[in-house]
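For reference, the structure discussed in these notes is given below.
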Amino acid sequence: MSKTNTSMEKIVSLAKRKGFVYPGSEIYGGFANSYTYGPYGVQLKNNIKNLWWHWFVEKRADMVGIDGTILLHPKTWKASGHVDTFNDPMVDCKDCQARHRADHLVEDKYEGNVDGLSLAELDEKITDFGVKCPKCGGTNFTKARQFNLMFQTQMAKTGEESIAYMRPETAQAIFLEFKNVVDSTRVKVPFGIGQIGKAFRNEITPGNFIFRVLEFEQMEIEYFVHPEEWKEHFESWVQAMYEWCELIGLDKKKIHELEVEGDALAHYSDRTVDFEYEFPFGVKELYGCAYRTDFDLGNHQRESGKTLEYRDPQTNEKYLPHVIEPTFGVDRTVLAVLSEAYEDETLDDGSVRTVLHFKPALAPVKIAVLPLMKKDGLPEKAQEILRKVQVFGNCEYDQTGAIGKRYRRQDEVGTPVCITVDYDTLEDDTVTVRDRDTMEQKRMLIGELLNYLSDNYFVY
Ligand code: ATP
């Protein structure tokens, strides 16, 4: 058996064919860089979010969760620095009107860090390097200018308050509720607040399937610590992020830690470590861990005029906690998990099967129950078993086609276990349990099934 290299085309095509991810608004000719998660995709995505919530929020005594709104008070974004500094430099091609990230146009040719270049320097480099428009090949660009990535929307109000922003990160709702959480629960610093939700960015150059989109989901933690203890907490969160990557089945060798330096740091961060992953199209950011200091709490305290200080119940010391932020993109996780799981496996007989080696916790279908024949009481027996194994989550029943074909169908969507019901089942209450990865088959009593499945597949 051999594992071939996974290309992006294969993943995009399987995603559409099997109902993981469809191009958005397709019947209207598509709506650029928007995607719909199909029936298997939404299962996979929900499983990722549920596992994350369970792992980081429910299982830890030092964590709680919230669910804030997408539209926050507009002053939030002034205080957070996003109105003034959440920009990317862009240029337009005057010949074909295509819009490009100015820094992306020069990054291949420039030896230094493009994030440190001013707008004037970007213009200069574009001319010096003879950069051509990636769309039409022209060299007739506008001057570089800053473009704010926040989407604005209009509220049914007048005046300044009529403008609202669609949040570009979920983090800010957590900062706004910091005091409420401290006052209404028994948390003590160090502790964290987790949140999962949509974020929106008016990206100048979206692309690479669901890697960079305008509307996406984040799973974020703001972890509040004593200012003197940030370093050890930062290290322990970096470790926790590695453990998460392992939990969802990402190969550690494909993860590269990048210390973000100087001007490349976000405006709120004093230290950031990016987790880059070897996606099929290149090594790119999957997650990040940022030390946000007291930047956000301090700014919200100033802007709102409300104290956000924390009082230590033991020492009575009053201070603004500092924050470590581990952030995880949901859509990039889906893409990484799909890339890692995909295999076109050449079998001993020379045939090729496509299989997704999802961890059972993430698999969109946990178990498929397959009656060998559509008659003689086998479907009824299979339905009975299906109802039992549904305790493990989403299961399927499939009675059409040759059994080998049905196994392949389940392999292609990553179902870890198939249970086959045949004539012997009616006689002696045994079934065949077939493993997706090894394709090995075991005969066992129906009465042993639940324990066997939970011990071997669904413990997490
Ligand atoms: P990039 O450098 O790739 O633009 P970023 O450093 O701006 O990413 P963060 O602001 O740290 O990203 O956002 C946190 C996480 O949200 C990222 O690690 C990523 O997983 C996810 N994310 C950010 N922007 C997008 C996007 N446009 N589409 C999908 N996911 C995104």
Side-chain angles (χ1 to χ4, degrees), residues 21 24 32-35 37 41 45 48-49 52 56 77 80-82 85-90 100-104 107 113-115 147-151 165-175 194-222 237-238 241 244-245 248 250 255-279 281-292 295-296 323-339:
V21 183
N33 304 295
S34 70
Y35 295 92
Y37 286 85
K45 193 170 171 206
I48 288 170
K49 292 192 284 183
W52 186 92
F56 287 120
W77 305 107
S80 69
H82 284 81
T85 53
F86 196 54
N87 303 319
D88 278 336
M90 69 164 194
H100 304 288
R101 280 274 292 269
D103 50 341
H104 287 178
E107 70 188 353
N113 184 347
V114 286
D115 295 303
F147 179 78
N148 192 282
L149 299 185
M150 278 198 296
F151 276 100
Y165 299 98
M166 318 268 280
R167 64 181 179 197
E169 59 174 23
T170 58
Q172 294 303 324
I174 299 181
F175 297 123
Q195 186 178 212
I196 301 178
K198 289 262 184 182
F200 301 82
R201 292 184 189 179
N202 207 352
E203 298 275 4
I204 297 164
T205 45
N208 284 323
F209 195 37
I210 51 175
F211 176 81
R212 189 179 299 285
V213 278
L214 310 186
E215 174 183 340
F216 55 99
E217 275 186 279
Q218 294 181 317
M219 308 182 282
E220 294 200 299
I221 294 165
E222 306 306 318
W237 275 107
V238 167
M241 292 176 82
W244 164 257
C245 292
I248 59 172
L250 301 185
I255 294 167
H256 305 272
E257 216 178 293
L258 176 83
E259 187 74 46
V260 181
E261 309 271 7
D263 289 335
L265 281 170
H267 63 273
Y268 49 73
S269 175
D270 263 22
R271 186 183 171 198
T272 295
V273 167
D274 279 349
F275 279 60
E276 297 191 322
Y277 176 74
E278 290 177 21
F279 287 100
F281 55 87
V283 179
K284 295 278 177 205
E285 174 177 337
L286 171 64
Y287 303 142
C289 185
Y291 169 42
R292 288 182 85 127
F295 178 86
D296 301 273
V323 169
I324 311 294
E325 176 192 69
T327 174
F328 307 71
V330 177
D331 309 76
R332 289 187 191 179
T333 308
V334 171
L335 186 53
V337 164
L338 271 174
S339 322

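Everything numeric here is computed off the predicted structure, so don't read it as measured data. Both ligands and their constituent atoms are indexed starting at 1 by order of listing.
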Worksheet entry | E220 (side chain) donor-acceptor with A171 (main chain) under 3.5 angstrom | yes
Worksheet item: Who pairs with E222 by salt bridge (charged side-chain N to carboxylate O under 4.0 Å, His left out), at least two apart in sequence or on another chain?
Response: none
Worksheet item: Can you name the residues that form a side-chain hydrogen bond (donor to acceptor under 3.5 Å, both in side chains) with H82, not counting sequence neighbours?
Response: S80
Discussion item. Counting only heavy atoms and a distance below 4.0 Å, can you name the residues contacting ligand 1?
Written reply: R201, E203, F211, R212, V213, F216, Q218, E285, L286, Y287, T327, G329, R332
Item to complete: Taking the six-membered ring for Trp and the full ring for Phe, Tyr or His, determine whether the centres of Y277 and F279 are under 6.0 Å apart.
Response: yes
Worksheet item: Excluding sequence neighbours, so at least two apart, what forms side-chain hydrogen bond (donor to acceptor under 3.5 Å, both in side chains) with E276?
Response: none
Worksheet item: Does any non-hydrogen side-chain atom of M219 lie less than 4.5 Å from one of I48?
Response: yes
